[in-house]
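Before any comments, here is the structure.
Note that these values count all heavy atoms, side chains included, but never hydrogens, waters or copies made by symmetry. So that the names make sense, note that chain A is the first sequence line, chain B the second, and so on, each numbered from 1.
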There are 2 protein chains.
Amino acid sequence: MNYENLLRGHGLKVTPQRLGILSLMDQKGHINVDDLYLQIKEKFASISLATMYKNINAMMASSVITEVKIPKQKSRFEIAKESHGHLLCQECGEFSDIEFDIGKIVSDISTKSNYQLFETSLVLSGICPLCQHSSASPVSFLPVAHIHT
Amino acid sequence: MNYENLLRGHGLKVTPQRLGILSLMDQKGHINVDDLYLQIKEKFASISLATMYKNINAMMASSVITEVKIPKQKSRFEIAKESHGHLLCQECGEFSDIEFDIGKIVSDISTKSNYQLFETSLVLSGICPLCQHSSASPVSFLPVAHIHT
DNA sequence: CTGAGTGCAAACGTTTTGCACTTGC
DNA sequence: GCAAGTGCAAAACGTTTGCACTCAG
């Protein structure tokens, strides 16, 4: 993905801080502010928290990125793409896109409700396949997410 | 709805503050903290913000109420009921339950993803039927929500 | 009577702001 | 060169906490 063009295409200047934020979001898929700041400082020690927030807000305002609100969790940010749902594993914290067409549902609900719909937020939570098979594992009781390898 | 039994059934003591909060949520359907505090003070001048927050947290912990996270808006709270989606009108702010069975979608996605799913959050945003017909109305440009009568 | 709930003020964590400096274009 | 972006410190904001008092059961 070309972050320079993405920024310029939305009328934003290209700065190393912004490129760092975007490449992290792209790499991780979805990331919350805390992780973003911790991880960006590793590669970019001088960045300030204020700059990070200003950039998140600027990129949200120009629709370069999107905030995903999640029940009982901090929001995560992702590079904007067409409307899609998300899956959350409450065991290990894995958070992923749903490859599933929600267009049908949206049009059904639109017909039923007479709403003209143009934004969808769908988050399904449960237990991912890997955690189901390791349900007796002690990791289940740790507050810390484990990472599937 | 009997709020006393609802509270006692979840192991919480019955206080006038809690009854006030619950009856407001029930009445309005969904309400955010600011509106809740403003409106509860009208009927219950002495209540403190801290008490309101403590009660919201206590009632969420015991699943009496639920927080609904909404894209680009403050969360709203509702009395807990079985899983259901929500509709938001971006024009007038109307926020309502979707009467639509999402069980089918959830089981489809469960099959596809191999997730064992038990929590759903669905918020669809758009323009409600009434606002579509008054799209030329000046109210469209006001930041304040109008109420359909 | 006792533990849970209340109200106040202080503390806390998160996000925003103002301002001087730097940088992208 | 100039508007936009950065970094710092201070401020603002929403929420939580500690504590003495009150009340529900």
Take the protein atom [atom1] of [X] and the nucleotide atom [atom2] of [N], then report the distance between them rounded to whole Å.
| X | N | atom1 | atom2 | value |
| --- | --- | --- | --- | --- |
| A:Q73 | C:dT14 | CD | P | 15 Å |
| A:E4 | C:dT23 | CD | C1' | 16 Å |
| B:I56 | D:dG14 | CD1 | P | 14 Å |
| A:L38 | C:dG13 | CG | P | 15 Å |
| B:N55 | C:dT6 | CG | C1' | 9 Å |
| B:N5 | D:dG25 | CG | P | 11 Å |
| A:L7 | D:dA4 | CG | P | 15 Å |
| B:L49 | C:dG7 | CG | P | 11 Å |

Note: for B:F44 and B:K13 on DNA chain C, the residue whose nearest nucleotide lies more 5' is B:K13
When you measure from the side-chain N and O atoms of [X] to the phosphate of [N], is any distance below 4.0 Å, counting only OP1 and OP2?
| X | N | answer |
| --- | --- | --- |
| B:R8 | D:dG25 | yes |
| B:N57 | D:dT16 | yes |
| B:S46 | C:dG7 | yes |

Could you check whether any side-chain heavy atom of [X] comes within less than 4.5 Å of a side-chain heavy atom of [Y], counting everything from C-beta outward?
| X | Y | answer |
| --- | --- | --- |
| B:L38 | B:E42 | no |
| B:Y3 | B:V14 | no |
| B:I105 | B:I109 | yes |
| B:K72 | A:E119 | yes |

Return each pair, listed once, that meets ring pair (Phe, Tyr, Trp, His ring centres under 6.0 Å) where at least one residue sits in residues 100-123 of chain B; pairs must be two or more places apart or across chains.
-> none
Listing time: all N or O pairs from protein to nucleotides 17-22 of chain C that are below 3.5 Å?
residue: C:dG18; atom: O6; partner: A:K54; partner atom: NZ; Å: 3.1

Out of A:D35, A:T66, A:D97, which one pairs with A:H30 under the side-chain hydrogen bond (donor to acceptor under 3.5 Å, both in side chains) rule?
-> A:D97
Could you list the residues that satisfy salt bridge (Lys or Arg N to Asp or Glu O under 4.0 Å) with B:E67, not counting sequence neighbours?
-> none
Residue met sooner reading DNA chain D from 5', once B:D34 and A:G11 are mapped to nucleotides | A:G11
Identify, with sequence neighbours excluded, every residue that meets ring pair (Phe, Tyr, Trp, His ring centres under 6.0 Å) alongside B:H10.
-> none
Under 4.5 Å between side-chain heavy atoms, chaining through other members, with only Ile, Leu, Val, Met, Phe, Trp and Tyr counted: pull out the rest of the cluster around B:I70, sorted by chain and number.
-> B:V68, B:L88, B:F95, B:V123
Strand contacts (DNA chain D) in residues 15-32 of chain A, 4.0 angstrom heavy-atom criterion | A:T15, A:Q17, A:R18
Nucleotide nearest A:S48 when distance is taken to its side chain, options D:dC8, C:dG7, C:dG5 = D:dC8
